[in-house]
Amino acid sequence: MSNVMASNVLAPAAPLPQAGAARTAEPQAPSRSVRWLHDLPVRSALVGAASIALFVLAWHVATTWKLDLYVRFMNVPTPADVLASAEAAWGSPTFGSHLLMSCRRIAYGFALAALVAIPLGLLMGRFRLLREMVFPVSEVLRPIPAIAWVPMSIMLWPTNEQSIVFITFLGSFFPILLNTLHGMATVDPVLVRAARCLGAREAAVFREVYLPATLPQIFTGLTVGMGVAWVSLIAAEMISGQFGIGYFTWEAYSLVQYPDIALGMIAIGVLGLASSWTIRLLGRLVMPWSPAR
Amino acid sequence: MSVTSLKARVARAGQAQPPLDARSERQGRIEIEDFGLRYKTPTGFTEAVTGVSLTVEPGEFVSIIGPSGCGKSTMLNALAGFLKPTSGSVRVDGKPVDGPGADRGMIFQQYSLFPWKTVRQNVEFGLKMKGVEAAERQRQARTLLGLAGLSQFEDHYPEALSGGMKQRVGIVRALATGPRILLLDEPFGALDAQTRLIMQQILTNMWQRLKISVLFVTHDIDEAIFLSDRVYVMTARPGSIKAEIAVPLARPREPAVIMSSEFLALRRGLMSLIREESLKAMGGEINADALKGLATNFDNNDLARSL
(Lines give C-alpha, C1' and ligand atoms only; values in the text may rest on other atoms or scores of the structure.)
Protein backbone atom coordinates (compact mmCIF):
# COMPACT_ATOMS: atom_id res chain seq x y z
CA MET A 1 0.00 0.00 0.00
CA SER A 2 2.61 2.50 1.12
CA ASN A 3 4.87 1.38 -1.73
CA VAL A 4 2.22 2.20 -4.25
CA MET A 5 1.71 5.55 -2.59
CA ALA A 6 5.42 6.25 -2.66
CA SER A 7 5.78 5.40 -6.34
CA ASN A 8 2.74 7.55 -7.11
CA VAL A 9 4.24 10.42 -5.22
CA LEU A 10 7.59 9.97 -6.93
CA ALA A 11 6.17 9.46 -10.39
CA PRO A 12 5.60 13.10 -11.40
CA ALA A 13 9.06 14.08 -10.24
CA ALA A 14 10.81 11.26 -12.07
CA PRO A 15 10.43 12.30 -15.73
CA LEU A 16 12.28 15.57 -15.26
CA PRO A 17 15.77 14.26 -14.41
CA GLN A 18 15.26 11.33 -16.82
CA ALA A 19 14.51 13.66 -19.69
CA GLY A 20 17.74 15.52 -18.95
CA ALA A 21 19.72 12.28 -18.78
CA ALA A 22 18.25 11.07 -22.02
CA ARG A 23 19.32 14.22 -23.80
CA THR A 24 22.93 13.91 -22.68
CA ALA A 25 22.97 10.17 -23.42
CA GLU A 26 21.54 10.63 -26.90
CA PRO A 27 24.76 10.21 -28.91
CA GLN A 28 25.28 6.78 -27.32
CA ALA A 29 21.73 5.63 -27.87
CA PRO A 30 22.10 4.10 -31.37
CA SER A 31 25.00 1.84 -30.41
CA ARG A 32 23.17 0.70 -27.30
CA SER A 33 20.07 -0.14 -29.29
CA VAL A 34 22.19 -2.13 -31.77
CA ARG A 35 23.73 -4.13 -28.96
CA TRP A 36 20.26 -4.69 -27.56
CA LEU A 37 19.18 -5.98 -30.97
CA HIS A 38 21.98 -8.54 -30.98
CA ASP A 39 20.90 -9.91 -27.63
CA LEU A 40 20.05 -13.48 -28.60
CA PRO A 41 16.49 -14.00 -27.30
CA VAL A 42 15.42 -10.53 -28.44
CA ARG A 43 16.98 -11.07 -31.82
CA SER A 44 15.38 -14.47 -32.42
CA ALA A 45 11.99 -13.12 -31.24
CA LEU A 46 12.26 -10.22 -33.69
CA VAL A 47 13.31 -12.45 -36.57
CA GLY A 48 10.48 -14.85 -35.71
CA ALA A 49 7.92 -12.04 -35.68
CA ALA A 50 9.27 -10.69 -38.96
CA SER A 51 9.05 -14.10 -40.63
CA ILE A 52 5.43 -14.54 -39.54
CA ALA A 53 4.63 -10.99 -40.72
CA LEU A 54 6.19 -11.77 -44.12
CA PHE A 55 4.14 -14.94 -44.39
CA VAL A 56 0.89 -13.09 -43.62
CA LEU A 57 1.88 -10.37 -46.10
CA ALA A 58 2.47 -12.95 -48.85
CA TRP A 59 -0.84 -14.56 -48.02
CA HIS A 60 -2.54 -11.16 -48.16
CA VAL A 61 -1.00 -10.26 -51.52
CA ALA A 62 -1.77 -13.64 -53.08
CA THR A 63 -5.40 -13.64 -51.97
CA THR A 64 -6.37 -9.97 -52.55
CA TRP A 65 -4.83 -10.03 -56.04
CA LYS A 66 -6.47 -13.46 -56.62
CA LEU A 67 -3.28 -14.84 -58.12
CA ASP A 68 -3.46 -17.78 -60.47
CA LEU A 69 0.02 -19.32 -60.56
CA TYR A 70 -1.20 -22.81 -61.44
CA VAL A 71 -1.83 -22.96 -57.68
CA ARG A 72 -5.02 -20.91 -57.48
CA PHE A 73 -5.69 -18.34 -54.79
CA MET A 74 -9.09 -17.22 -56.13
CA ASN A 75 -11.15 -18.99 -53.46
CA VAL A 76 -8.62 -18.72 -50.66
CA PRO A 77 -9.81 -16.35 -47.92
CA THR A 78 -7.75 -13.26 -47.17
CA PRO A 79 -6.16 -12.74 -43.73
CA ALA A 80 -8.79 -10.05 -43.06
CA ASP A 81 -11.62 -12.51 -43.84
CA VAL A 82 -10.11 -15.05 -41.46
CA LEU A 83 -9.69 -12.43 -38.76
CA ALA A 84 -13.34 -11.47 -39.12
CA SER A 85 -14.50 -15.07 -38.90
CA ALA A 86 -12.20 -15.60 -35.89
CA GLU A 87 -13.90 -12.69 -34.15
CA ALA A 88 -17.29 -14.17 -34.94
CA ALA A 89 -16.20 -17.63 -33.78
CA TRP A 90 -14.77 -16.22 -30.57
CA GLY A 91 -18.18 -14.84 -29.69
CA SER A 92 -20.07 -18.08 -30.43
CA PRO A 93 -20.05 -20.99 -27.95
CA THR A 94 -19.87 -23.69 -30.66
CA PHE A 95 -16.30 -22.91 -31.74
CA GLY A 96 -15.12 -23.08 -28.13
CA SER A 97 -16.86 -26.41 -27.60
CA HIS A 98 -15.23 -27.81 -30.79
CA LEU A 99 -11.82 -26.83 -29.43
CA LEU A 100 -12.58 -28.23 -25.99
CA MET A 101 -13.78 -31.51 -27.48
CA SER A 102 -10.59 -31.97 -29.49
CA CYS A 103 -8.40 -31.13 -26.49
CA ARG A 104 -10.28 -33.64 -24.35
CA ARG A 105 -9.84 -36.39 -26.95
CA ILE A 106 -6.11 -35.62 -27.17
CA ALA A 107 -5.80 -35.63 -23.39
CA TYR A 108 -7.52 -39.01 -23.02
CA GLY A 109 -5.87 -40.72 -25.98
CA PHE A 110 -2.41 -39.36 -25.28
CA ALA A 111 -2.54 -40.00 -21.53
CA LEU A 112 -3.68 -43.59 -22.11
CA ALA A 113 -0.92 -44.14 -24.66
CA ALA A 114 1.71 -42.78 -22.27
CA LEU A 115 0.36 -44.85 -19.37
CA VAL A 116 0.53 -48.06 -21.40
CA ALA A 117 3.55 -47.47 -23.66
CA ILE A 118 6.04 -46.17 -21.07
CA PRO A 119 5.74 -49.07 -18.58
CA LEU A 120 5.53 -51.58 -21.44
CA GLY A 121 8.66 -50.13 -23.07
CA LEU A 122 10.56 -50.17 -19.77
CA LEU A 123 9.61 -53.77 -19.08
CA MET A 124 10.37 -54.83 -22.66
CA GLY A 125 13.79 -53.22 -22.35
CA ARG A 126 14.47 -55.10 -19.15
CA PHE A 127 12.99 -58.54 -19.91
CA ARG A 128 14.03 -60.20 -23.10
CA LEU A 129 11.18 -62.70 -23.32
CA LEU A 130 8.58 -59.92 -23.17
CA ARG A 131 10.49 -57.99 -25.80
CA GLU A 132 10.68 -61.00 -28.09
CA MET A 133 6.97 -61.63 -27.69
CA VAL A 134 5.65 -58.08 -28.11
CA PHE A 135 8.09 -56.76 -30.69
CA PRO A 136 6.87 -58.77 -33.74
CA VAL A 137 3.26 -57.74 -33.14
CA SER A 138 4.18 -54.10 -32.70
CA GLU A 139 6.35 -54.18 -35.83
CA VAL A 140 3.40 -55.40 -37.90
CA LEU A 141 0.91 -52.92 -36.44
CA ARG A 142 3.25 -49.93 -36.38
CA PRO A 143 3.31 -49.10 -40.12
CA ILE A 144 -0.49 -48.98 -40.30
CA PRO A 145 -1.44 -45.30 -40.27
CA ALA A 146 -4.00 -44.30 -37.67
CA ILE A 147 -6.43 -43.20 -40.41
CA ALA A 148 -6.49 -46.77 -41.73
CA TRP A 149 -7.77 -47.79 -38.31
CA VAL A 150 -10.91 -45.64 -38.58
CA PRO A 151 -13.34 -48.27 -39.98
CA MET A 152 -11.98 -50.98 -37.68
CA SER A 153 -12.17 -48.65 -34.73
CA ILE A 154 -15.80 -47.79 -35.42
CA MET A 155 -16.58 -51.52 -35.40
CA LEU A 156 -14.57 -52.17 -32.25
CA TRP A 157 -15.92 -49.50 -29.94
CA PRO A 158 -19.53 -48.93 -28.93
CA THR A 159 -19.47 -45.13 -29.22
CA ASN A 160 -18.08 -42.77 -31.79
CA GLU A 161 -16.26 -40.86 -29.07
CA GLN A 162 -14.41 -43.96 -27.87
CA SER A 163 -13.31 -44.88 -31.38
CA ILE A 164 -11.85 -41.41 -31.95
CA VAL A 165 -9.99 -41.54 -28.63
CA PHE A 166 -8.73 -44.99 -29.61
CA ILE A 167 -7.31 -43.67 -32.88
CA THR A 168 -5.58 -40.83 -31.04
CA PHE A 169 -4.20 -43.43 -28.63
CA LEU A 170 -2.86 -45.58 -31.48
CA GLY A 171 -1.18 -42.60 -33.13
CA SER A 172 0.85 -41.69 -30.08
CA PHE A 173 1.37 -45.22 -28.74
CA PHE A 174 4.09 -46.47 -31.09
CA PRO A 175 6.41 -43.44 -31.02
CA ILE A 176 6.33 -43.51 -27.22
CA LEU A 177 6.88 -47.27 -27.03
CA LEU A 178 9.76 -47.35 -29.51
CA ASN A 179 11.56 -44.37 -27.98
CA THR A 180 11.25 -45.84 -24.48
CA LEU A 181 12.60 -49.14 -25.78
CA HIS A 182 15.49 -47.40 -27.51
CA GLY A 183 16.24 -45.45 -24.34
CA MET A 184 16.41 -48.66 -22.35
CA ALA A 185 18.82 -50.17 -24.87
CA THR A 186 21.22 -47.25 -24.53
CA VAL A 187 21.45 -47.12 -20.71
CA ASP A 188 25.14 -46.99 -19.77
CA PRO A 189 25.97 -50.43 -18.29
CA VAL A 190 28.65 -48.87 -16.06
CA LEU A 191 25.92 -46.98 -14.20
CA VAL A 192 24.04 -50.22 -13.63
CA ARG A 193 27.19 -51.88 -12.30
CA ALA A 194 27.94 -48.89 -10.08
CA ALA A 195 24.44 -49.06 -8.59
CA ARG A 196 24.75 -52.79 -7.93
CA CYS A 197 28.15 -52.25 -6.26
CA LEU A 198 26.44 -49.79 -3.95
CA GLY A 199 23.96 -52.46 -2.87
CA ALA A 200 21.04 -51.82 -5.26
CA ARG A 201 18.78 -54.80 -5.95
CA GLU A 202 16.78 -55.42 -9.12
CA ALA A 203 13.82 -53.17 -8.26
CA ALA A 204 16.09 -50.37 -7.05
CA VAL A 205 18.28 -50.54 -10.17
CA PHE A 206 15.12 -50.25 -12.25
CA ARG A 207 13.81 -47.27 -10.31
CA GLU A 208 17.08 -45.44 -9.69
CA VAL A 209 19.02 -46.14 -12.89
CA TYR A 210 16.99 -47.48 -15.81
CA LEU A 211 14.04 -45.13 -15.39
CA PRO A 212 15.93 -41.81 -15.00
CA ALA A 213 18.47 -42.84 -17.65
CA THR A 214 15.62 -43.47 -20.10
CA LEU A 215 13.65 -40.29 -19.29
CA PRO A 216 15.22 -38.10 -22.03
CA GLN A 217 14.27 -40.71 -24.65
CA ILE A 218 10.80 -41.09 -23.12
CA PHE A 219 10.27 -37.35 -23.53
CA THR A 220 11.46 -37.51 -27.13
CA GLY A 221 8.82 -40.21 -27.61
CA LEU A 222 6.17 -38.08 -25.92
CA THR A 223 6.94 -35.09 -28.14
CA VAL A 224 6.79 -37.16 -31.33
CA GLY A 225 3.74 -39.03 -30.02
CA MET A 226 1.91 -35.77 -29.35
CA GLY A 227 2.47 -34.66 -32.94
CA VAL A 228 1.17 -37.95 -34.34
CA ALA A 229 -1.77 -37.85 -31.90
CA TRP A 230 -2.95 -34.55 -33.46
CA VAL A 231 -2.52 -35.87 -36.99
CA SER A 232 -4.57 -38.95 -36.12
CA LEU A 233 -7.22 -37.01 -34.21
CA ILE A 234 -7.88 -34.52 -37.01
CA ALA A 235 -8.13 -37.31 -39.57
CA ALA A 236 -10.52 -39.27 -37.36
CA GLU A 237 -12.66 -36.18 -36.67
CA MET A 238 -12.88 -35.34 -40.35
CA ILE A 239 -14.09 -38.82 -41.19
CA SER A 240 -16.31 -39.87 -38.33
CA GLY A 241 -16.73 -36.96 -35.96
CA GLN A 242 -19.63 -34.76 -34.99
CA PHE A 243 -17.59 -32.34 -32.95
CA GLY A 244 -14.00 -31.25 -32.74
CA ILE A 245 -11.79 -28.83 -34.61
CA GLY A 246 -11.12 -31.35 -37.41
CA TYR A 247 -14.86 -31.71 -37.96
CA PHE A 248 -15.23 -27.91 -37.83
CA THR A 249 -12.62 -27.51 -40.58
CA TRP A 250 -14.19 -30.14 -42.83
CA GLU A 251 -17.70 -28.83 -42.23
CA ALA A 252 -16.54 -25.33 -43.21
CA TYR A 253 -15.53 -26.74 -46.60
CA SER A 254 -18.86 -28.53 -47.03
CA LEU A 255 -20.81 -25.39 -46.13
CA VAL A 256 -18.62 -23.18 -48.36
CA GLN A 257 -17.48 -21.06 -45.42
CA TYR A 258 -13.92 -20.75 -46.68
CA PRO A 259 -12.56 -18.39 -44.02
CA ASP A 260 -13.47 -21.01 -41.40
CA ILE A 261 -11.19 -23.55 -43.13
CA ALA A 262 -8.20 -21.34 -42.50
CA LEU A 263 -9.42 -20.55 -39.00
CA GLY A 264 -9.66 -24.28 -38.21
CA MET A 265 -6.19 -24.90 -39.61
CA ILE A 266 -4.67 -22.08 -37.59
CA ALA A 267 -6.41 -23.33 -34.44
CA ILE A 268 -5.00 -26.83 -35.02
CA GLY A 269 -1.52 -25.37 -35.49
CA VAL A 270 -1.70 -23.30 -32.31
CA LEU A 271 -3.06 -26.21 -30.25
CA GLY A 272 -0.35 -28.55 -31.57
CA LEU A 273 2.33 -26.01 -30.75
CA ALA A 274 0.92 -25.42 -27.27
CA SER A 275 0.78 -29.13 -26.48
CA SER A 276 4.36 -29.78 -27.55
CA TRP A 277 5.47 -26.76 -25.49
CA THR A 278 3.67 -28.24 -22.51
CA ILE A 279 5.58 -31.48 -22.90
CA ARG A 280 8.89 -29.68 -23.24
CA LEU A 281 8.13 -27.68 -20.10
CA LEU A 282 7.18 -30.85 -18.25
CA GLY A 283 10.43 -32.47 -19.42
CA ARG A 284 12.44 -29.60 -18.00
CA LEU A 285 10.64 -29.91 -14.66
CA VAL A 286 11.11 -33.68 -14.47
CA MET A 287 14.74 -33.65 -15.66
CA PRO A 288 16.42 -30.68 -13.97
CA TRP A 289 19.84 -32.22 -14.62
CA SER A 290 19.64 -32.15 -18.40
CA PRO A 291 20.82 -28.92 -20.05
CA ALA A 292 17.97 -26.84 -21.44
CA ARG A 293 17.66 -27.44 -25.14
CA MET B 1 26.82 -46.47 10.90
CA SER B 2 29.42 -45.73 8.28
CA VAL B 3 30.29 -42.24 9.44
CA THR B 4 30.60 -43.26 13.06
CA SER B 5 32.85 -46.15 12.10
CA LEU B 6 34.70 -43.79 9.81
CA LYS B 7 35.21 -41.36 12.64
CA ALA B 8 36.45 -44.20 14.83
CA ARG B 9 38.85 -45.18 12.08
CA VAL B 10 40.02 -41.63 11.64
CA ALA B 11 40.60 -41.39 15.38
CA ARG B 12 42.53 -44.66 15.31
CA ALA B 13 44.66 -43.53 12.41
CA GLY B 14 45.43 -40.39 14.39
CA GLN B 15 47.09 -42.46 17.12
CA ALA B 16 50.78 -43.05 16.58
CA GLN B 17 50.75 -46.71 15.49
CA PRO B 18 48.05 -49.28 16.19
CA PRO B 19 49.46 -52.40 17.90
CA LEU B 20 50.06 -55.38 15.63
CA ASP B 21 47.31 -57.57 17.04
CA ALA B 22 44.75 -54.79 16.51
CA ARG B 23 45.78 -54.67 12.88
CA SER B 24 45.14 -58.37 12.36
CA GLU B 25 41.60 -57.94 13.71
CA ARG B 26 40.67 -55.73 10.79
CA GLN B 27 38.77 -57.41 8.01
CA GLY B 28 38.90 -57.11 4.26
CA ARG B 29 41.14 -59.96 3.27
CA ILE B 30 41.05 -60.85 -0.43
CA GLU B 31 42.08 -64.32 -1.55
CA ILE B 32 42.09 -65.34 -5.18
CA GLU B 33 43.20 -68.90 -5.76
CA ASP B 34 44.04 -70.56 -9.04
CA PHE B 35 41.66 -68.19 -10.85
CA GLY B 36 40.85 -69.12 -14.43
CA LEU B 37 38.37 -67.65 -16.87
CA ARG B 38 37.63 -68.75 -20.38
CA TYR B 39 34.83 -67.83 -22.67
CA LYS B 40 33.28 -69.11 -25.86
CA THR B 41 34.18 -67.58 -29.20
CA PRO B 42 32.95 -68.59 -32.66
CA THR B 43 36.16 -70.63 -33.13
CA GLY B 44 36.16 -72.38 -29.74
CA PHE B 45 37.23 -71.37 -26.26
CA THR B 46 39.56 -68.51 -25.39
CA GLU B 47 41.53 -68.48 -22.16
CA ALA B 48 41.39 -64.97 -20.75
CA VAL B 49 43.04 -65.65 -17.40
CA THR B 50 44.72 -68.82 -16.10
CA GLY B 51 46.00 -69.91 -12.71
CA VAL B 52 46.13 -66.54 -10.97
CA SER B 53 46.58 -66.63 -7.20
CA LEU B 54 46.87 -63.45 -5.22
CA THR B 55 46.06 -62.13 -1.79
CA VAL B 56 45.44 -58.72 -0.32
CA GLU B 57 45.93 -58.54 3.43
CA PRO B 58 43.51 -56.42 5.46
CA GLY B 59 44.48 -52.77 5.14
CA GLU B 60 46.97 -53.43 2.35
CA PHE B 61 47.27 -51.45 -0.89
CA VAL B 62 47.97 -53.80 -3.79
CA SER B 63 48.16 -53.03 -7.50
CA ILE B 64 47.79 -55.24 -10.52
CA ILE B 65 49.70 -54.05 -13.55
CA GLY B 66 49.89 -55.62 -16.99
CA PRO B 67 49.49 -55.06 -20.71
CA SER B 68 46.04 -54.29 -22.08
CA GLY B 69 43.77 -57.29 -22.50
CA CYS B 70 45.61 -59.37 -19.89
CA GLY B 71 42.52 -59.80 -17.73
CA LYS B 72 43.29 -57.29 -14.96
CA SER B 73 39.77 -55.90 -15.06
CA THR B 74 38.34 -59.42 -15.26
CA MET B 75 39.80 -60.16 -11.84
CA LEU B 76 38.24 -57.01 -10.39
CA ASN B 77 34.87 -57.83 -11.93
CA ALA B 78 35.02 -61.29 -10.38
CA LEU B 79 35.82 -59.72 -7.01
CA ALA B 80 32.98 -57.26 -7.39
CA GLY B 81 30.69 -60.21 -8.13
CA PHE B 82 29.83 -59.46 -11.75
CA LEU B 83 31.25 -62.69 -13.13
CA LYS B 84 32.16 -66.13 -11.86
CA PRO B 85 35.53 -67.75 -12.58
CA THR B 86 35.45 -70.92 -14.66
CA SER B 87 38.01 -72.41 -12.29
CA GLY B 88 39.48 -71.54 -8.92
CA SER B 89 37.96 -69.43 -6.17
CA VAL B 90 37.50 -65.80 -5.18
CA ARG B 91 37.04 -65.22 -1.45
CA VAL B 92 36.62 -62.21 0.77
CA ASP B 93 37.28 -62.82 4.46
CA GLY B 94 37.06 -66.54 3.80
CA LYS B 95 33.64 -66.39 2.13
CA PRO B 96 33.25 -66.99 -1.61
CA VAL B 97 32.06 -63.91 -3.53
CA ASP B 98 28.44 -64.32 -4.56
CA GLY B 99 27.13 -61.31 -6.47
CA PRO B 100 27.84 -57.60 -6.03
CA GLY B 101 27.42 -55.90 -2.67
CA ALA B 102 28.16 -52.72 -0.79
CA ASP B 103 30.91 -54.37 1.29
CA ARG B 104 33.17 -54.04 -1.76
CA GLY B 105 33.25 -50.52 -3.17
CA MET B 106 34.18 -50.18 -6.82
CA ILE B 107 35.45 -47.22 -8.79
CA PHE B 108 35.44 -47.19 -12.57
CA GLN B 109 37.52 -45.29 -15.10
CA GLN B 110 34.36 -43.79 -16.63
CA TYR B 111 33.45 -41.95 -13.36
CA SER B 112 29.99 -43.59 -13.35
CA LEU B 113 28.25 -40.87 -11.33
CA PHE B 114 24.49 -40.80 -11.85
CA PRO B 115 23.90 -37.71 -14.03
CA TRP B 116 20.35 -37.28 -12.67
CA LYS B 117 21.50 -37.02 -9.07
CA THR B 118 23.31 -34.13 -7.43
CA VAL B 119 26.70 -34.74 -5.85
CA ARG B 120 25.07 -35.25 -2.44
CA GLN B 121 22.37 -37.56 -3.81
CA ASN B 122 25.10 -39.61 -5.50
CA VAL B 123 26.94 -39.98 -2.20
CA GLU B 124 23.68 -40.84 -0.45
CA PHE B 125 22.87 -43.62 -2.91
CA GLY B 126 24.55 -46.50 -1.07
CA LEU B 127 23.00 -45.41 2.22
CA LYS B 128 19.57 -45.19 0.58
CA MET B 129 19.99 -48.76 -0.65
CA LYS B 130 20.83 -49.77 2.92
CA GLY B 131 17.54 -48.28 4.08
CA VAL B 132 19.01 -45.33 5.98
CA GLU B 133 16.29 -42.69 6.34
CA ALA B 134 16.49 -39.47 4.35
CA ALA B 135 17.48 -37.02 7.09
CA GLU B 136 20.18 -39.31 8.46
CA ARG B 137 21.74 -40.13 5.10
CA GLN B 138 21.73 -36.47 4.16
CA ARG B 139 23.63 -35.69 7.36
CA GLN B 140 26.14 -38.48 6.70
CA ALA B 141 26.67 -37.48 3.08
CA ARG B 142 27.18 -33.84 4.12
CA THR B 143 29.76 -34.87 6.72
CA LEU B 144 31.65 -37.01 4.23
CA LEU B 145 31.61 -34.35 1.52
CA GLY B 146 32.84 -31.86 4.09
CA LEU B 147 35.74 -34.12 5.06
CA ALA B 148 36.63 -34.56 1.39
CA GLY B 149 36.49 -30.78 0.76
CA LEU B 150 33.56 -31.09 -1.64
CA SER B 151 30.90 -29.27 0.42
CA GLN B 152 30.46 -26.37 -1.95
CA PHE B 153 29.58 -28.71 -4.82
CA GLU B 154 26.99 -30.82 -3.00
CA ASP B 155 24.04 -29.44 -5.00
CA HIS B 156 25.80 -29.52 -8.37
CA TYR B 157 24.94 -32.09 -10.99
CA PRO B 158 27.95 -34.20 -12.10
CA GLU B 159 27.93 -32.59 -15.53
CA ALA B 160 29.17 -29.35 -13.96
CA LEU B 161 32.24 -31.01 -12.41
CA SER B 162 35.73 -31.58 -13.80
CA GLY B 163 37.03 -35.12 -14.32
CA GLY B 164 39.13 -35.09 -11.17
CA MET B 165 36.25 -33.81 -9.09
CA LYS B 166 33.89 -36.41 -10.51
CA GLN B 167 36.30 -39.13 -9.53
CA ARG B 168 36.66 -37.71 -6.01
CA VAL B 169 32.89 -37.82 -5.67
CA GLY B 170 33.00 -41.40 -7.02
CA ILE B 171 35.48 -42.38 -4.32
CA VAL B 172 33.48 -40.67 -1.58
CA ARG B 173 30.33 -42.39 -2.85
CA ALA B 174 32.02 -45.79 -2.72
CA LEU B 175 33.32 -45.12 0.81
CA ALA B 176 29.99 -43.84 2.19
CA THR B 177 28.65 -47.32 2.98
CA GLY B 178 31.82 -48.20 4.89
CA PRO B 179 33.18 -50.99 2.67
CA ARG B 180 36.10 -53.12 3.84
CA ILE B 181 37.49 -53.32 0.36
CA LEU B 182 37.93 -50.79 -2.41
CA LEU B 183 38.36 -52.01 -5.99
CA LEU B 184 39.65 -49.48 -8.50
CA ASP B 185 39.69 -50.14 -12.24
CA GLU B 186 42.15 -47.67 -13.81
CA PRO B 187 40.34 -44.87 -11.98
CA PHE B 188 42.65 -42.07 -13.09
CA GLY B 189 43.20 -43.27 -16.65
CA ALA B 190 41.05 -40.53 -18.18
CA LEU B 191 42.64 -37.67 -16.20
CA ASP B 192 45.48 -35.42 -17.31
CA ALA B 193 48.92 -36.07 -15.81
CA GLN B 194 48.83 -33.28 -13.21
CA THR B 195 45.33 -34.05 -11.92
CA ARG B 196 46.34 -37.67 -11.80
CA LEU B 197 49.23 -36.99 -9.39
CA ILE B 198 46.96 -35.02 -7.10
CA MET B 199 44.30 -37.73 -7.18
CA GLN B 200 46.91 -40.36 -6.28
CA GLN B 201 47.84 -38.34 -3.21
CA ILE B 202 44.20 -37.87 -2.23
CA LEU B 203 43.60 -41.59 -2.58
CA THR B 204 46.60 -42.60 -0.44
CA ASN B 205 45.55 -40.10 2.22
CA MET B 206 42.05 -41.54 2.33
CA TRP B 207 43.38 -45.07 2.41
CA GLN B 208 45.81 -44.31 5.23
CA ARG B 209 43.04 -42.83 7.33
CA LEU B 210 40.52 -45.60 6.68
CA LYS B 211 42.91 -48.57 6.57
CA ILE B 212 40.73 -50.52 4.18
CA SER B 213 42.10 -53.04 1.69
CA VAL B 214 42.64 -51.70 -1.81
CA LEU B 215 43.09 -53.57 -5.05
CA PHE B 216 44.10 -51.15 -7.78
CA VAL B 217 44.28 -52.02 -11.47
CA THR B 218 46.44 -49.84 -13.69
CA HIS B 219 48.80 -49.93 -16.63
CA ASP B 220 50.85 -47.01 -15.30
CA ILE B 221 54.07 -48.18 -13.65
CA ASP B 222 54.75 -44.97 -11.69
CA GLU B 223 51.21 -44.97 -10.35
CA ALA B 224 51.49 -48.59 -9.21
CA ILE B 225 54.77 -48.00 -7.37
CA PHE B 226 53.75 -44.68 -5.83
CA LEU B 227 50.51 -46.06 -4.39
CA SER B 228 51.15 -49.67 -3.50
CA ASP B 229 52.58 -51.88 -0.79
CA ARG B 230 52.87 -54.67 -3.34
CA VAL B 231 52.56 -54.87 -7.12
CA TYR B 232 51.50 -57.92 -9.12
CA VAL B 233 52.70 -57.99 -12.72
CA MET B 234 50.52 -59.93 -15.13
CA THR B 235 51.52 -61.61 -18.38
CA ALA B 236 49.91 -61.03 -21.75
CA ARG B 237 46.81 -63.07 -22.56
CA PRO B 238 46.09 -65.59 -21.22
CA GLY B 239 46.80 -63.55 -18.11
CA SER B 240 48.72 -65.04 -15.22
CA ILE B 241 50.95 -63.64 -12.49
CA LYS B 242 54.45 -63.00 -13.84
CA ALA B 243 55.95 -61.41 -10.75
CA GLU B 244 55.07 -60.06 -7.34
CA ILE B 245 57.07 -57.05 -6.22
CA ALA B 246 57.11 -55.49 -2.77
CA VAL B 247 57.40 -51.69 -2.59
CA PRO B 248 59.36 -50.91 0.58
CA LEU B 249 59.11 -47.11 0.23
CA ALA B 250 58.28 -45.38 3.52
CA ARG B 251 54.87 -43.78 4.11
CA PRO B 252 53.55 -41.19 3.87
CA ARG B 253 55.01 -40.80 0.39
CA GLU B 254 55.59 -37.34 -0.97
CA PRO B 255 55.37 -36.70 -4.72
CA ALA B 256 59.16 -36.16 -4.68
CA VAL B 257 59.63 -39.85 -3.91
CA ILE B 258 59.38 -40.61 -7.61
CA MET B 259 62.85 -39.06 -8.05
CA SER B 260 64.46 -41.26 -5.37
CA SER B 261 66.92 -43.98 -6.36
CA GLU B 262 64.82 -46.72 -4.73
CA PHE B 263 61.80 -45.64 -6.75
CA LEU B 264 63.81 -45.55 -9.96
CA ALA B 265 65.26 -48.99 -9.28
CA LEU B 266 61.77 -50.42 -8.81
CA ARG B 267 60.63 -48.59 -11.91
CA ARG B 268 63.46 -50.05 -14.01
CA GLY B 269 62.65 -53.57 -12.84
CA LEU B 270 58.93 -53.22 -13.56
CA MET B 271 59.56 -51.54 -16.92
CA SER B 272 61.51 -54.48 -18.29
CA LEU B 273 58.92 -56.96 -17.00
CA ILE B 274 56.05 -55.03 -18.57
CA ARG B 275 57.78 -54.26 -21.85
CA GLU B 276 58.34 -57.93 -22.50
CA GLU B 277 54.64 -58.61 -21.96
CA SER B 278 53.44 -55.61 -23.91
CA LEU B 279 55.45 -56.78 -26.92
CA LYS B 280 53.89 -60.20 -26.54
CA ALA B 281 50.46 -58.63 -26.26
CA MET B 282 51.03 -56.92 -29.61
CA GLY B 283 51.49 -60.45 -30.96
CA GLY B 284 52.99 -61.24 -34.33
CA GLU B 285 52.28 -57.76 -35.62
CA ILE B 286 55.52 -56.34 -34.22
CA ASN B 287 59.01 -57.35 -35.40
CA ALA B 288 62.47 -55.78 -35.29
CA ASP B 289 61.90 -53.60 -38.39
CA ALA B 290 58.49 -52.47 -37.19
CA LEU B 291 59.95 -51.36 -33.87
CA LYS B 292 62.30 -48.94 -35.65
CA GLY B 293 59.26 -47.19 -37.09
CA LEU B 294 60.74 -46.78 -40.58
CA ALA B 295 63.75 -49.02 -41.09
CA THR B 296 65.76 -46.84 -43.42
CA ASN B 297 67.67 -43.58 -43.46
CA PHE B 298 66.19 -40.79 -45.56
CA ASP B 299 69.15 -38.33 -45.32
CA ASN B 300 66.79 -35.41 -44.62
CA ASN B 301 64.84 -35.99 -47.84
CA ASP B 302 61.11 -35.84 -47.52
CA LEU B 303 59.31 -39.13 -47.64
CA ALA B 304 57.41 -38.55 -50.87
CA ARG B 305 60.57 -37.72 -52.84
CA SER B 306 62.49 -40.70 -51.45
CA LEU B 307 59.77 -43.05 -52.57
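By convention in this document, chain letters (A, B, ...) are assigned in the order of the sequence lines, proteins followed by strands, and residues within each chain are numbered from 1. Below, each value reflects all heavy atoms present in this structure, side chains not excepted, and no hydrogens, waters or symmetry copies.
Between B:Glu33 and B:Arg91 a salt bridge is recorded (basic side-chain N to carboxylate O distance below 4.0 Å).
Contacts of B:Asp103 with chain A are absent, with no heavy-atom separation under 4.5 Å from either backbone or side chain. For chain A, the nearby part of B:Leu113 is the backbone; its heavy atoms alone come within less than 4.5 Å. At a 4.5 Å heavy-atom cutoff, the contact between B:Ala174 and chain A is made by backbone atoms alone.
Side-chain contact annotation: B:Ser73 with B:Asp185, donor-acceptor N/O pair under 3.5 Å present.
Not counting sequence neighbours, A:Phe110 has no partner by the ring pair (Phe, Tyr, Trp, His ring centres under 6.0 Å) test.
Taken to the nearest 0.5 Å, the OH atom of A:Tyr210 stands 15.0 Å off from the CG atom of A:Leu215.
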